[in-house]
Amino acid sequence: MDTINRESYGAAADQLAAFAASADVQRIGAVGEEILAVAGLLGRERRLRRALADPGRSGDDHAALLRSVLSGKVSAEAVDILATLVTGRWSGPGALLDGVELLGVTAVLSGVDRAGDLGDVEDELFRFGQVVSGDTRLATALADSTSPLPARVQLIQDLLGGKVKPATARLAELAAAGFGGRGFESSLTRLIELAAKQRDHSVAYVTTAVPLTEADEQRLAGRLAELYGREVSLKIDVDPRILGGVRVKVGSDLYDGTVSRRLAEAKTALAN
């Protein structure tokens, strides 16, 4: 995703936001699914993907080609937003595909946000990730890119069907498909962070030896909000192996005050 042309993407994202501000929840979700379907098409059709990112053609040519391919197959709203996206310059076909995928996910999250379910979806994705990481066979099955995607999607549907918000299951399926060219675990983490970003939150991954009290959680969230200048969504994992203390990861920042870390440092110091 780092290769996305931010200026080109930003224009399409602004257009999507304007559409989502006035459309109903179902319509926003439908357009999101259409954009994701186009991402699937571009993933399969390498020649089309290359043509839409060809630096030797003008942005207007890219938009005209896109409209000729999609006209009558998806909604006018989806076509217009995607036409804006392909009008910009892209570093290559892969970057364009990443941009379309991200735009589709953003649309889906916008609909979830309008429905008031975004916090629930964010938490459900995190809890599902914990379940997967705690089951070696399940983690291996979902991460196996050599396994047919329909089989992995069916596995997710069997696990989550009727137990979580529909958007949670849909996003988990995208993670299994390798959202943004990532593996399953990295894709799921990225989707959690995008859900938090949609709410203007940062995500803090917190590891503790014992469960935190509600007062402890509120205190930690408040301190992190002061530090980062925005609300922080805590994702807490209880791991007795750290023995005590707390480990907090926000983006690339890691604050490790665990007993296990201090013991490891002491062992290293004694060895030297």
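Quantities reported herein were computed from a predicted structural model and do not represent experimental measurements. In this chain, numbering begins with 1 at the start of the sequence shown.
In this structure a side-chain-to-backbone donor-acceptor pair under 3.5 Å is present from T189 to E185.
Two residues are said to be in side-chain contact when any heavy atoms from C-beta on lie closer than 4.5 Å; V206 and R247 fail this criterion. With a 4.5 Å cut-off on side-chain heavy atoms, V250 and Y205 do not count as touching. Looking only at side-chain heavy atoms (C-beta outward), V232 and V203 stay at 4.5 Å or farther from each other. Residues D54 and H62 form a side-chain contact, since some pair of their non-hydrogen atoms from C-beta on lies under 4.5 Å apart.
Here salt bridge (charged side-chain N to carboxylate O under 4.0 Å, His left out) pairs that include residues 209-223, with residues two or more places apart or in two chains, are D216-R219. Listed by first and then second residue, the salt bridge (charged side-chain N to carboxylate O under 4.0 Å, His left out) pairs involving residues 133-162 amount to none (not counting sequence neighbours). Sorted by first and then second residue, the salt bridge (charged side-chain N to carboxylate O under 4.0 Å, His left out) pairs involving residues 198-210 (not counting sequence neighbours) are E122-R199, D200-R230. Judged as a salt bridge (charged side-chain N to carboxylate O under 4.0 Å, His left out), the pairs with a partner in residues 12-34 (not counting sequence neighbours) are, in order, R27-E77, E33-R170.
In this structure, the side chain to side chain contact (heavy atoms under 4.5 Å, CB included) partners of Q15, at least two apart in sequence or on a different chain, are D80, I81, T84.
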* Verdict with reasoning, K235 to S233, per side-chain hydrogen bond (donor to acceptor under 3.5 Å, both in side chains) -> CA-CA 7 Å; K235 304 303 175 193; S233 177; 3.2 Å; yes
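V246 and L243 fall into different hydrophobic clusters, where Ile, Leu, Val, Met, Phe, Trp and Tyr are joined by side-chain heavy atoms under 4.5 Å apart, directly or via other members.
If you check the side chains of D256 and T258, you find a donor sitting under 3.5 Å from an acceptor.
Chaining together hydrophobic side chains whose heavy atoms lie under 4.5 Å apart leaves V210 on its own.
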